[in-house]
Amino acid sequence: MCGIIGIASNKSVVSNIIQSLKKLEYRGYDSAGIATIVDGNIDEKKCTGRVDNLEKILFKSPSKGSLGIGHVRWATHGAPSKENAHPHSSEDVSVVHNGIIENSNELKKILEEKGYKFKSQTDTEVITFLLTDFLKEFDLVDTINKTLKTLNGSFALGILFKKYNNIVVGARRGSPLAVGYGPEENYLGSDSYALKSMTNKITYLDDGDVCILTNDKVDFYNSENKKINKKTLTLSDDKHTVEKGDYKDFMTKEICEQNLTVKTCIKEYVDQLRKDINLYNFPIKPKDINKIILIGCGTAYHSCAMAKYWFEELTDIPIEIDIASEFRYRRIKLNKKNLYVFVSQSGETADTFAALDLCKKNKVKTCSIVNVVESSIARSSDFVLPIHAGPEIGVASTKAFTGQMLVLYILAIKISEVRKEISILDYEKKINDLKNLPDLIKKTLNYCQNNTPLIAKDFMKAKGAMFLGRGLSFPIALEGALKLKELSYLHAEGYPAGEMKHGPLALIEEGLPVVILAPKDRYFEKTISNMQEVIARGGKVILITNEVNKIVSENVRFTLEIPKTNEHLTPFLMTIPLQLLAYHVASLKNCDIDKPRNLAKSVTVE
Ligand code: AGP
């Protein structure tokens with residue numbers, strides 16, 4: 001989704017802005033732009049498509065300036081076009097914006113009546129003209145303040161003023177924004193990742209905060225316009241994890257390193273010597289938990305769907321799962337005895353954050369399971385369980401899904417043990433089994449890397465695909481279908497195999513690829529009969545199982561054999577062939593693996 005960068009320096013900022021915009025490319029975008037102050041005037045350059053195009057424009061017609069803002073835009077209001085790309089500038093002001101201004105139509109009318117001529121279809125341009133208008137009467141701080149008060153909706157802003165030609169201004173409501181401190185220059189960024197190549201000293205803005213950056217200081221104001229001091233954090237050095245290395249793309253790297261991220265995560269939570277799980281300062285006594293509600297979007301929601309099975313098998317606690325965009329608007333009775341768990345890789349997903357915010361306002365207990373520990377969701381929840389997966393750059397979530405599942409599983413085992421709902425023997429056995437998970441994942445990776453490319457060919461002519469599973473394999477089927485959709489743009493459905501007869505069986509026709517997830521568990525025989533029903537109707541079955549024998553494999557087009565392990569850990573292994581399958585189908589179709597069309601890594605607007 002959109003990304004912001006701003007730099008106040010005493011040397012040229014153009015190349016650093018371009019490099020930082022490149023770092024933000026992973027978020028998904030369709031146009032880019034930059035504005036600097038050159039000889040006292042605003043100089044704006046924009047383009048559709050990649051930052052490379054912007055670089056080409058700058059090569060032909062270089063920009064200068066020691067003060068600048070840059071943006072990558074993911075279209076919400078108005079098509080992806082040069083006119084709609086940010087910055088949006090008037091003679092006096094230039095603005096880059098992440099988020100959505102909900103009252104932009106009303107404001108546009110008022111501003112048009114005042115004579116302002118809009119060049120774009122965006123909601124952002126109203127901010128430019130509001131600032132321009134207030135500036136005629138008020139000083140800098142009042143201009144910003146009055147503008148922000150007029151806006152409804154969510155935003156992170158980067159602003160340049162012609163009149164105040166030594167400052168970059170930032171403001172936040174709803175959408176994340178960070179300030180970074182460098183040698184004789186200061187930075188503004190929509191996430192710390194964009195700033196990391198320049199600094200590891202960061203301050204996160206809270207909702208309502210405004211910051212004014214010069215090259216040698218940063219002033220912060222809160223929503224009441226009071227000057228405030230804010231904490232500076234030092235970011236951890238994870239340079240090695242944000243480079244592609246020898247991998248073709250980030251997604252391959254992220255799939256292939258899952259054995260290592262799982263190992264790290266297990267080390268963080270599991271004490272193999274004492275055979276125990278460390279969960280210090282958990283915000284609610286497990287014994288007092290009435291109900292657990294697991295909330296997330298997309299892949300994160302699928303990890304919640306997975307965890308429901310584990311929690312229900314391991315504990316007596318009622319579990320609900322919810323999609324954040326639904327949860328936030330339903331008339332839900334929030335209960336102080338419940339635990340609300342928010343799952344998010346980025347920790348910045350607008351809907352998940354809004355759902356958490358609703359819980360915070362109702363003073364119920366919250367816990368977040370995130371990858372980015374400095375994120376808004378992590379900072380706002382009562383308790384944070386990091387997944388320790390390291391930066392995930394590919395838009396399609398892979399290692400973060402595995403990490404989210406792992407932390408949820410570890411949480412389920414621990415809660416079950418504290419509530420004495422599993423025996424000590426069983427608890428210790430589960431901890432012991434976890435020790436083997438990284439190696440099992442590695443083994444599965446090696447095997448599937450060799451076998452999935454051939455299977456992917458079968459999807460080339462298909463007009464869709466289905467993913468079927470029962471029990472613990474059903475959420476994995478959902479995730480497999482999502483991966484195929486987002487990477488290869490093929491229509492895919494994830495379904496509980498037992499539901500097929502209630503409608504979806506009508507979709508099965510000669511040659512339709514159907515991925516059947518059938519590990520040897522208590523659903524095995526039933527899943528296999530569902531598979532036969534698919535075969536009987538001409539479906540081209542790809543069977544993923546840990547119980548290969550001739551009878552079940554008859555008439556199956558491909559069988560992938562994953563290693564045997566305890567039933568609760570099998571979903572981790574089932575996930576891998578699905579990730580690789582989606583990857584290889586997308587590769588054969590020449591899709592942009594790390595940046596699928598229309599998608600963004602962190603969905604910061606609703
Ligand atoms: C997954 O591959 C997706 N691109 C998407 O569904 C993602 O999981 C979702 O947007 C939630 O993101 P989050 O984990 O950062 O909150």
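The model shown is predicted, which means the values in this text are computed figures rather than measured ones. As the structure lists them, so they are numbered: ligands from 1, and atoms in each ligand from 1.
Close approach of ligand 1 to S344 (heavy-atom distance below 4.0 Å) involves ligand atoms 13 (P), 14 (O), 15 (O), 16 (O). Less than 4.0 angstrom separates some heavy atom of G298 from each of these atoms of ligand 1: 6 (O). When each atom of ligand 1 is checked for a heavy atom of K483 under 4.0 Å away, the hits are 1 (C), 2 (O). With ligand atoms numbered from 1 in the order given, ligand 1 contributes 2 (O) to contacts under 4.0 Å with heavy atoms of A396. Of all atoms in ligand 1, numbered sequentially from 1 with element shown, those under 4.0 Å from a heavy atom of A300 are 8 (O), 14 (O). Using a 4.0 Å cut-off to heavy atoms of S397, the atoms of ligand 1 that qualify are 1 (C), 2 (O).
The shortest contact between atom 2 (O) of ligand 1 and any protein heavy atom is with E486 OE2, 2.4 Å. The protein non-hydrogen atom at the shortest distance from atom 14 (O) of ligand 1 is Q345 N, 2.6 Å. With respect to atom 13 (P) of ligand 1, the closest heavy atom belonging to the protein is T349 OG1, 3.2 Å. Nearest protein heavy-atom neighbour of atom 7 (C) of ligand 1: T299 N, 4.1 Å. Atom 11 (C) of ligand 1 has its closest protein heavy atom at C297 O, 3.3 Å. Here the heavy atom of the protein found nearest to atom 10 (O) of ligand 1 is V603 CG2, 3.9 Å. If you check which protein heavy atom lies closest to atom 15 (O) of ligand 1, you get S346 OG, 2.6 Å.
Applying the side-chain hydrogen bond (donor to acceptor under 3.5 Å, both in side chains) test to residues at least two apart or on different chains, the pairs with a partner in residues 453-475 are D458-R557, K463-E509, R470-N530.
Between K230 and D209, at least one side-chain nitrogen of the basic residue sits less than 4.0 Å from a carboxylate oxygen of the acidic one, meeting the salt-bridge criterion. Contact check on D206 versus R379 returns a salt bridge, with a Lys/Arg side-chain nitrogen under 4.0 Å from an Asp/Glu carboxylate oxygen.
Scored by the side-chain hydrogen bond (donor to acceptor under 3.5 Å, both in side chains) test, S375 finds no partners at all (sequence neighbours excluded).
Residue contacts with ligand 1, taken as heavy atom pairs separated by less than 4.0 Å, do not involve E348 at all.
Among the atoms of V395, some N or O lies under 3.5 angstrom from an N or O of ligand 1. At under 3.5 Å, not a single nitrogen or oxygen of T352, backbone or side chain, sits near a nitrogen or oxygen of ligand 1. Remark: ligand 1 and K601 share no N or O pair separated by less than 3.5 Å (distance only, no angle test).
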inquiry  = For D246 and K253: C-alpha separation, side-chain torsions, deciding distance, then whether salt bridge (charged side-chain N to carboxylate O under 4.0 Å, His left out) applies.
reply    = CA-CA 9 Å; D246 291 338; K253 175 174 186 271; over 6 Å; no
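Between Y409 and W310, the ring planes are tilted. Angles from 30° to 60° get that label.
Between L599 and ligand 1 there is no heavy-atom distance shorter than 4.0 Å. Assignment of H302 to the shell around ligand 1 is not supported, since no heavy atom sits closer than 4.0 Å.
Side chains of Q258 and T398: no donor on one and acceptor on the other come within 3.5 Å. For H71 and N98, the side-chain atoms include at least one donor-acceptor pair closer than 3.5 Å.
Judged purely by atom type and a 3.5 angstrom limit, Y309 has no side-chain atom pairing as donor or acceptor with the backbone of P475.
Atom NZ of K248 sits in a sparse spot, with 12 or fewer heavy atoms from other residues, nucleotides or ligands closer than 6.0 Å. No more than 12 heavy-atom neighbours from other residues, nucleotides or ligands sit within 6.0 angstrom of NZ on K267.
A heavy-atom distance below 4.5 Å is found between the side chains of T264 and H388.
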